[in-house]
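These notes concern the structure reproduced below.
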There are 2 protein chains.
Amino acid sequence: MERTPHLLVVDDDREIRTLLGRFLGQHGFRVSLAAEGREMMRALEEKAIDLVVLDLMMPGEDGLSLCRRVRVDSALPIIMLTAAGEDIDRIVGLEMGADDYLPKPFNPRELLARIRAVLRRHAALPPLPGEAGPDENGGPRYRFAGFELDTGGRTVRDPDGAELPLTAGEYDLLLCLVQRPRRVLSRDQLLDLTRGRTAAPFDRSIDVQIGRLRKKIEADPKEPSLIKTVRGGGYLLAAEVTRAGDTQ
Amino acid sequence: MERTPHLLVVDDDREIRTLLGRFLGQHGFRVSLAAEGREMMRALEEKAIDLVVLDLMMPGEDGLSLCRRVRVDSALPIIMLTAAGEDIDRIVGLEMGADDYLPKPFNPRELLARIRAVLRRHAALPPLPGEAGPDENGGPRYRFAGFELDTGGRTVRDPDGAELPLTAGEYDLLLCLVQRPRRVLSRDQLLDLTRGRTAAPFDRSIDVQIGRLRKKIEADPKEPSLIKTVRGGGYLLAAEVTRAGDTQ
DNA sequence: GGCTTTGTGTAACGCCCTGTAACAGACCCC
DNA sequence: GGGGTCTGTTACAGGGCGTTACACAAAGCC
């Protein structure tokens, strides 16, 4: 049950990147690495990242811009690393929207402490009295093959408009597929994205969950047309998905 | 019970003002802005400001003088921003009567922490009658799924307009859900937000309270459509919530 | 084309999480 | 101090979900 937080370290300097990765790994985190923006965005799509450690100064798209991009549609915690001498003061600090920042060179223990602090803060009280705006009515809706998935209410309606009685696990799995349509997702990825854990050697739980989900959304579960099996690869959602704007 | 604190940022530098506004807004406060003394006084008259962040050095009437003017007839908390190099100690100690001050350039997180600290300290004191403190007529109203929750009177009306006889605990729990609609709230969070304590190992009190609440507001408590269970996660209010203006 | 190997579908079982009734202590109001 | 209400605790029932086992299908091999 207890899931170990999954960190993403984004830094163009390979040495720093791998050192940080190893260090954080040794201290009980799962760690993924990215050298620049594109890799970072891909990791965010494919993995269940809990926190990003982001270098401010990078070739190509810099940390500031990446930070803003992430902030557009998520509250994912971000810790910024700023090179010595960069002007960190008020403007940068305010502008960047990071949850914390750390000037280089830093003591890795200090980074550890801040990561833990930010994670704790996020886990403990995400619901500040009226965070980001009093009337935050939740996330987007997705439509596919006549179905409608409402992330705010965690509900799914079938083409007739009836609410599908999905269990929590089934909903999580479906959401995960719907957010990455027409892409093969390995069991490992699905497990990471839905349960936040890595697969045990003979882990078949995803298969079973897929089966249960198919029974509820496939016209003919024996001949699935929505959730397809990719032998040796995983599963994919075959339908086209449109994302409706957030709840009005 | 709790309302989102309303801050007033007073600074003549437009960039700093708006950046601060955005930053504080992102962290769960309602924020108003003023560029100089006149605007500030008007905001204080028209809005229920809980705390002022005030730049010391401003053209026209400076922060010090404004601070004293406010202090004449209220104990409204004030945090002063002082430009680097200004001689703070003496002035602070002797004259300004602010609750805290922060030398520029400052880490925005530091400002956040001080704002929270000052608000907490201030909330602990008994409210003075006549102070520009909490709204006289109580807080906002929320509507969801035909229900109306009035934070002023701590009452809830069902879609027929009849008043629901909720107990104090049930009301607190419902308010807590209504203020964070369409988000999964863990038992721990709910317990913290409603009772201000953390869960004991086998604490099931939230489950029981949720059950009692469901009996009163769900059409079919066996198939809850308003308060959903997220297995392994907690509960969420599935309905959309609109916040009506504060009670007149 | 048969046989083997490997991977997937699924039924069955059991643990653990959640719903809920019953009870008892705390608190409140005469 | 007594009756009523509210709320936390406990116990039990039901259901979700991970595990396991087995059947079957697909790919590999000769």
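Quick note on labels: first sequence line is chain A, next is B, and so on, each numbered from 1.
- Heavy-atom nearest nucleotides on DNA chain D were determined for B/Glu170 and for A/Ala168, and the one closer to the 5' end corresponds to B/Glu170.
- Regarding B/Leu213, its CG atom lies at a distance of 15 Å from the C1' atom of C/dT20, rounded to whole Å.
- A heavy-atom distance below 4.5 Å is not found between the side chains of A/Arg180 and A/Gln189.
- Within the 3.5 Å criterion, the main-chain N or O of B/Leu166 finds no donor-acceptor partner in the side chain of B/Glu170.
- One interatomic measurement links the two molecules: CZ of B/Arg214 to C1' of C/dA21, which rounds to 16 Å at whole-angstrom precision.
- OP1 or OP2 of C/dG19 has at least one side-chain nitrogen or oxygen of B/Tyr235 nearer than 4.0 Å.
- Side-chain atoms of B/Val208 lie closest to C/dT20 of the nucleotides C/dG19, C/dT20, C/dT8.
- B/Ser186 and B/Asp188 form no side-chain donor-acceptor contact under 3.5 Å, judged by distance and modelled atom types alone.
- Both A/Lys216 and B/Asp203 sit near DNA chain D, but only B/Asp203 has its closest nucleotide nearer the 5' end.
- Contact annotation: B/Thr167 side-chain N/O to D/dT5 OP1/OP2 distance is not under 4.0 Å.
- To the nearest angstrom, P of C/dT18 lies 17 Å from CD of B/Gln209.
- Comparing C/dT20, D/dG15, C/dT6 by their closest approach to the side chain of B/Arg231 singles out D/dG15.
- When the nucleotides D/dG18, C/dT18, D/dT9 are ranked by their closest atom to the side chain of A/Arg197, D/dG18 comes out on top.
- A distance-only check finds no donor-acceptor pair linking the side chain of A/Arg141 to the backbone of A/Glu148 [under 3.5 Å].
- Contacts of A/Tyr171 with the nucleic acid, taken as non-hydrogen atoms under 4.0 Å apart, are absent.
- Listed nucleotides C/dT18, D/dG18, C/dG9 differ in distance to A/Arg195; the shortest reach to its side chain belongs to D/dG18.
- Of the side-chain N and O atoms in B/Thr229, one or more sit less than 4.0 angstrom from OP1 or OP2 of C/dG19.
- In this entry the distance linking CG of A/Asp207 with C1' of D/dA21 reads 14 Å, nearest Å.
- B/Tyr235 pairs with exactly one of B/Arg187, B/Arg183, B/Arg214 by the side-chain hydrogen bond (donor to acceptor under 3.5 Å, both in side chains) rule, that one being B/Arg187.
- Counting only heavy atoms from C-beta on, B/Lys222 has its side chain closest to C/dT20 among C/dT20, D/dC22, D/dT9.
- Atom CD1 in A/Ile210 sits about 11 Å away from atom P in C/dT8, given to the nearest Å.
- In this structure, B/Asp158 CG and B/Lys216 NZ are separated by 12.5 Å, a value rounded to the nearest 0.5 Å.
- At a cut-off of 3.5 angstrom, counting only N and O atoms as typed in the model, there is no donor on one side facing an acceptor on the other between the side-chain of B/Arg204 and the base of D/dG8.
- With hydrogens and angles ignored, no donor-acceptor pair under 3.5 angstrom links the side chain of A/Arg187 to the base of C/dG7.
- Under 3.5 Å, the side chain of A/Arg212 and the base of D/dG15 form no donor-acceptor pair of N or O atoms.
- Minimum atom distance to the side chain of A/Ser205 is reached by D/dG18, of the listed C/dT18, D/dG18, C/dT20.
- The distance between atom CG of A/Leu190 and atom C1' of C/dT8, rounded to the nearest whole Å, is 15 Å.
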